Structure formats: C-alpha cells, structure tokens
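Working notes, beginning with the structure itself.
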Amino acid sequence: MVNLMRIGLYPGTFDPLTLGHIDIIRRASRLVDTLIIGVAINNAKSPMFGLEERVQMINEEINPIANELEIQISTHPFENLLIDCAKDVNANVIIRGLRAVSDFEYEFQMVGMNRVLSDKIETVFLMADNSYQSIASKLVKEIARLGGETEEFVPRSVQKRLLSFSNTKRNRINS
Ligand code: ADP
C-alpha cells in the first residue's frame, strides 16, 4: 500500500527564529501532514544561542500554529548531513525558504548535490510574504548586539531573549 502521509523537513540554524521562518513554517504546513523543523547544531557557525535554546524558542512558537492548522509540527536537532537527517525522519520533501537572488546559488548547488546523494527526496522552495522577505537571522543579531529594536523581525519570545542578551553585554561593558 502506498503511504500517502507527507512528511516535510524544514532545516536551518534558526539562530534565532524570525518572523520570516515562521511565515515559511505556516506555508509549509499547508503542504504536508507532518512538518519537522530540523535544527542544525552548526557549531562551525558559532551560533549566538545554544541548540537547546534555539529548539525551545521554536517549540514555543510552533505549538499554536500546529493547533490552529491541525497538523503535527515538531523539532529535530541534527548534526549529520541534511540528506541523512531527511532519511532519519522519513521525510519525502525538504522545505527551504528563498529570499533574494543571493540565496539562489547556494540552494541550487545544494539541491544538485543532495540529488546525487539521494534522488528520492525533493526540495521545495517557498517565498515568505513580502513584508518578511528581507529578514535574516544574521542581521537580527547585529541589530540586537548594537542595542536596536528587533520586534518587527522576531516573535516576542525571541525578542525577550535578544534583549536580555544585549543588556547582559551592555552591563559587562559598563562594569
Ligand atoms: P541556514 O543556516 O540553513 O541558512 P537559516 O536558519 O538562516 O538556516 O534559514 C533556514 C531556512 O529558512 C533557509 O532555507 C533560509 O533561506 C530560510 N529563510 C530564512 N529567513 C527567511 C525569510 N525571511 N524568508 C524566506 N526564507 C527564509
């Protein structure tokens, strides 16, 4: 019998989760029965937030979305190859978000190489709403580090953590 359950894997570093990511999670939720957010440990990128905190921030935001859209959404930390993570969670489809032309070249190469490693798992690209397309975790972190407002870019739970991060840093500089 053919298994018609669609399992999507949306991988990323999510350092931290932004409104752009959330928009993609909502859009992906309409395409699959189960959505797994793959959280890359990615120590090489020296993340601002540890794995546990990144996962926690995502969990806080996905529960209401899962209830509202009546699908299953969960988090899955991973350190191995993306394609192996997709196999581990039985994903049929990998979801990626596309912002500007700058994302395209890297994503294009990744799909090509992943296809060599396994041609059974398709990658689907989604675009966020216009108002979220320019949001990038990297810039959010820069803004927070310099004491700027991040509320337009991240959910409230993330904003609070970013604030406490920049306050701790400021206190350290002033002491
Ligand atoms: P990575 O380390 O894989 O780049 P990110 O956490 O930065 O992970 O992003 C995860 C995924 O979400 C990527 O596919 C990225 O292109 C996508 N993404 C991030 N921000 C946005 C946004 N504002 N709009 C659309 N897609 C986005």
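Here, residue 1 is the first one in the sequence, and each next residue gets the next number. Order of listing sets the numbers, starting from 1, for every ligand and every atom in it. Small disclaimer: the values here were computed from a predicted structure and weren't measured.
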message = Could you tell me if the side chain of S137 sits less than 4.5 Å from the side chain of T13, heavy atoms only?
response = no
message = Among residues at least two apart in sequence or on other chains, which ones pass ring-ring contact (aromatic ring centres under 6.0 Å, His included) with F125?
response = none
note = By ring-ring contact (aromatic ring centres under 6.0 Å, His included), F153 pairs with (sequence neighbours left out) none
Pairs under 3.5 angstrom, nitrogen or oxygen on both sides, ligand 1 versus protein: list them out, please.
{"residue": "ligand 1", "atom": "2 (O)", "partner": "T13", "partner atom": "OG1", "Å": "2.5"}
{"residue": "ligand 1", "atom": "2 (O)", "partner": "K45", "partner atom": "NZ", "Å": "2.6"}
{"residue": "ligand 1", "atom": "3 (O)", "partner": "R96", "partner atom": "NH1", "Å": "3.2"}
{"residue": "ligand 1", "atom": "3 (O)", "partner": "R96", "partner atom": "NH2", "Å": "3.2"}
{"residue": "ligand 1", "atom": "6 (O)", "partner": "T13", "partner atom": "N", "Å": "3.1"}
{"residue": "ligand 1", "atom": "6 (O)", "partner": "F14", "partner atom": "N", "Å": "2.9"}
{"residue": "ligand 1", "atom": "6 (O)", "partner": "H21", "partner atom": "NE2", "Å": "3.2"}
{"residue": "ligand 1", "atom": "8 (O)", "partner": "T13", "partner atom": "N", "Å": "3.1"}
{"residue": "ligand 1", "atom": "9 (O)", "partner": "H21", "partner atom": "NE2", "Å": "3.4"}
{"residue": "ligand 1", "atom": "12 (O)", "partner": "Y10", "partner atom": "OH", "Å": "2.7"}
{"residue": "ligand 1", "atom": "14 (O)", "partner": "R96", "partner atom": "NE", "Å": "3.2"}
{"residue": "ligand 1", "atom": "14 (O)", "partner": "G97", "partner atom": "N", "Å": "3.0"}
{"residue": "ligand 1", "atom": "14 (O)", "partner": "G97", "partner atom": "O", "Å": "3.4"}
{"residue": "ligand 1", "atom": "16 (O)", "partner": "G97", "partner atom": "O", "Å": "2.7"}
{"residue": "ligand 1", "atom": "20 (N)", "partner": "R99", "partner atom": "NH1", "Å": "3.3"}
{"residue": "ligand 1", "atom": "23 (N)", "partner": "Y132", "partner atom": "O", "Å": "2.8"}
{"residue": "ligand 1", "atom": "23 (N)", "partner": "I135", "partner atom": "O", "Å": "2.9"}

request  = Measure the shortest side-chain to side-chain distance between Y10 and I24 over non-hydrogen atoms and say whether it is less than 4.5 angstrom.
outcome  = yes
message = Per the salt bridge (charged side-chain N to carboxylate O under 4.0 Å, His left out) rule, what does the pair list look like for residues 49-64, sequence neighbours excluded?
response = E53-R161, E60-R161
inquiry  = Within the structure provided, determine whether R99 and M127 are in side-chain contact (heavy-atom separation under 4.5 Å).
reply    = no
